[in-house]
Q: 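Take a look at this one; I'll ask things after.
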Protein chains: 2
Amino acid sequence: MTNKTRERILHAASTLMEARGYNQVPVKEIAELAGVSEMTIFRHFETKMGILEALIQQQSYIPYFEHYFQTSLTFDVKKDLTDIAHQYLLYMNQNKVIFLISIQERGNLPELSNLITEANTNQLQSLLASYFDQLIEKGILKPFHSESQALIFLTTMFGYFVTTTISINHFLQDQQKMFIENYVETFLYGATM
Amino acid sequence: MTNKTRERILHAASTLMEARGYNQVPVKEIAELAGVSEMTIFRHFETKMGILEALIQQQSYIPYFEHYFQTSLTFDVKKDLTDIAHQYLLYMNQNKVIFLISIQERGNLPELSNLITEANTNQLQSLLASYFDQLIEKGILKPFHSESQALIFLTTMFGYFVTTTISINHFLQDQQKMFIENYVETFLYGATM
DNA sequence: TATGTTTGTTAGTGATAACTAACATTTTAA
DNA sequence: TTAAAATGTTAGTTATCACTAACAAACATA
């Protein structure tokens, strides 16, 4: 039962903190939603911060983008970029709670922001850039600065992620496919005639 | 002296809240930075929320993008888009504190998010879309769905804004010019040969 | 059944922070 | 100079909340 209790607590914490952040969710309320007593939480996690740390442990799964880039590329640019965009959003949505809390607690836990931005930019960006470099060599892409273009591509997807994350219904989740489709098209072929 | 005191308080509050948000900044600390006593703050603003409201009043200047679109367009697409991007970032940076707090307080003050996203998407997006429509008619742009393309363009700039806002030095401020330059280029002419 | 493990209950501690009250001091302007 | 307005000081109230202690109840498993 211990394990299920722990999961219920983490799930409750995640739900509440996604909506209201870390500081604004009292432990008592997490306990209520999880259907356990407050004491149980402290016995499991010691401190409130312990809950957050467990959440980070549980949610910030660092995907092997390396693996993806080594195995799943087809060098059909359109297909690849579309897929990368979806993969990226999948990853970011899994880290949504942590992302939101990292903004909120940026004063207290600056390391948290890095968890997101590290993987976000550093890792993915350089992988994407070297993919672009390969395409440049193949004569498919223009000989631009690949790092800059990777940054542009990921920045757009990041903007999409943030928009869907902070505003409830600003644009709907099932518009995602269309957004990516349109964006990849423009990114590759431009808006001009 | 009243006016200067008020300004000093608001300035101190803005500085501290930009770094650490609303809840995590005690009134006492705002008083210290402003060089006034805590009582003075309460005499000026009644409650802590009063400070935030005054900040919103002061900072969320809603720019007349309409005016801009009516007067400053040259229909040199590259030039226009570059300029629009800069204008947009200027606007967002003026609302930076409010943007950050709106994420943090999204549980308590959901209306706040709208201040940003309203002007952000609704107003600017449709203005940009109709600009695109004109360019499509002129045969300069492809006959795509203008709203979608406007969304893409603004989403990228929004992503850039959020990145520079939440991570201290993720990419530097003076890279802005280059980022916009690169992005406009790719947006217009695409990444492929 | 017996025993150890997990959970519940209750009452309380200590820290923080928003906000108030009352009075003293300084500053401003006529 | 003098009165009013603005600010400072201090001491305290109240509420919230993380966290603890001690004991009781439920539960699991051997």
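Side-chain atoms are counted along with the backbone in the values below, which use heavy atoms only and exclude waters and symmetry mates. In this text the structure is predicted, and so the values were computed from the model without any measurement. Chain letters run A, B, ... following the sequence lines, proteins first, then strands; residues in each count from 1.
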Q: Using ring centroids (six-membered ring only for Trp), state whether Tyr183(B) and Tyr160(B) fall under 6.0 Å.
A: no
Q: If the condition is side chain to side chain contact (heavy atoms under 4.5 Å, CB included), which residues does Ser72(A) pass it with, not counting sequence neighbours?
A: Tyr68(A)
Q: Give a yes or no on whether a salt bridge exists between Glu105(B) and Arg20(A), defined as a side-chain N under 4.0 angstrom from a carboxylate O.
A: no
Q: Which word best sums up how the rings of Tyr131(A) and Phe75(A) line up, parallel for under 30°, tilted for 30 to 60°, or perpendicular for over 60°?
A: tilted
Q: Under 4.0 Å between a side-chain N or O of Thr40(B) and OP1 or OP2 of dG8(D)?
A: yes
Q: Starting at CE of Met39(B) and ending at C1' of dT26(C), how long is that distance when rounded to a whole Å?
A: 16 Å
Q: Is the shortest side-chain N/O distance from His44(B) to OP1 or OP2 of dT7(D) below 4.0 Å?
A: yes
Q: Does dT7(C) have OP1 or OP2 under 4.0 Å away from a side-chain N or O of Thr5(A)?
A: yes
Q: Specify the separation, in whole Å, of atom CZ of Arg6(B) and atom P of dA6(D).
A: 13 Å
Q: Could you check how far CD of Glu46(A) sits from C1' of dC19(D), rounded to whole Å?
A: 11 Å
Q: Check the distance between dA18(C)'s P and Phe42(B)'s CZ and give it to me in whole angstrom.
A: 6 Å
Q: Rounding to an integer number of Å, can you tell me how far Arg43(A) CZ sits from dA24(D) P?
A: 14 Å
Q: Between Ile41(A) (CD1) and dA18(D) (C1'), how many Å, whole number?
A: 12 Å
Q: Cation over ring, Lys78(B) on Tyr189(B), under 6.0 Å and within 45°?
A: no
Q: Do Arg106(B) and Gln24(A) come within less than 4.5 Å of each other through their side chains, counting heavy atoms only?
A: no
Q: Atom CD1 of Ile30(A) to atom P of dC19(D): distance rounded to whole Å?
A: 11 Å
Q: Separation of Asn23(B) atom CG from dA18(D) atom P, in whole Å?
A: 12 Å
Q: Is the distance between the ring centroids of Phe161(A) and Tyr88(A) under 6.0 Å?
A: no
Q: What residues from residues 50-58 of chain B pass a heavy-atom cutoff of under 4.0 Å to DNA chain D?
A: none
